[in-house]
Amino acid sequence: AQTVTQSQPEMSVQEAETVTLSCTYDTSENNYYLFWYKQPPSRQMILVIRQEAYKQQNATENRFSVNFQKAAKSFSLKISDSQLGDTAMYFCAFYGSYDKVIFGPGTSLSVIP
Amino acid sequence: EAGVAQSPRYKIIEKRQSVAFWCNPISGHATLYWYQQILGQGPKLLIQFQNNGVVDDSQLPKDRFSAERLKGVDSTLKIQPAKLEDSAVYLCASSANRGTTDTQYFGPGTRLTVL
């Protein structure tokens with residue numbers, strides 16, 4: 001069965017600095033998708049970035065980028081130039097070829113002014 | 001474009017009572033998801049619909065949970081009877097189509113407290 005692990009329950013970063021959130025997963029599938037979602041306090045979950053497993057190039061979205069290591073089954077999120085609005089829970093999610101959607105336990109990120 | 005709507009936003013019930021949650025996805029979205037998010041955990045997929053058909057309900061506790069999407073638009077999730085461990089936020093999400101090329105848009109959730 002697929003699993004998603006986020007080993008950092010809580011993290012903090014100074015405003016304007018860079019932070020990296022870790023995610024590892026386990027699967028026997030070759031074709032799948034990985035996501036990072038952001039859930040601000042008392043607000044709705046939104047998609048931050050997605051990565052297709054068949055693509056070697058790491059996805060980027062403005063200040064957000066990923067480091068996808070397929071062989072190591074690792075999918076970390078880097079946030080550059082951290083802003084106060086980045087304070088949120090961040091969830092790593094796996095979407096497999098059999099419509100299996102699995103979220104990790106989340107990392108609570110605090111951006112400190 | 002209106003987002004995913006859910007109601008009620010909050011619900012408090014006694015154990016063994018019944019409760020129902022409603023979700024209206026973004027107009028035109030074929031795929032609808034119900035998740036359970038227990039405090040301190042990531043969302044767990046309960047059921048996924050493609051139009052009015054079930055794609056995956058492998059993690060839905062079918063002895064007490066049921067869900068329907070009769071006309072392929074809005075959906076209802078029911079718990080009958082509720083247990084203490086059902087206390088959670090129930091999230092609804094929708095996407096234009098099945099598959100991962102389409103973003104899932106989440107609703108605000110319904111926070112259920114079972115006493």
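Sequence lines set the chain letters: A, B, ... in the order given, protein chains first and strands last, and positions in each chain run from 1.
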Among A:Tyr32, A:Tyr95, A:Phe103, ring pair (Phe, Tyr, Trp, His ring centres under 6.0 Å) partner for A:Tyr25: A:Tyr32

Salt bridge (charged side-chain N to carboxylate O under 4.0 Å, His left out) against A:Asp26, all qualifying residues, sequence neighbours excluded: A:Lys73

Counterpart residues, salt bridge (charged side-chain N to carboxylate O under 4.0 Å, His left out), relative to B:Arg9 (two or more places apart): none

No-hydrogen, no-angle side-chain donor-acceptor test under 3.5 Å, B:Gln104 and B:Tyr35: yes

Distance-only polar pair, side chains of B:Gln80 and B:Gln17, donor-acceptor under 3.5 Å: no

Under 4.5 Å from a heavy atom of chain B, the part of A:Gln6 involved: neither

Contacts with chain A made by residues 106-115 of chain B (heavy-atom distance under 4.5 Å), listed by residue number: B:Phe106, B:Gly107, B:Pro108

Residue pairs passing the disulfide bond (SG atoms under 2.5 Å apart) test where at least one lies in residues 12-71 of chain A, sequence neighbours excluded: A:Cys23-A:Cys92

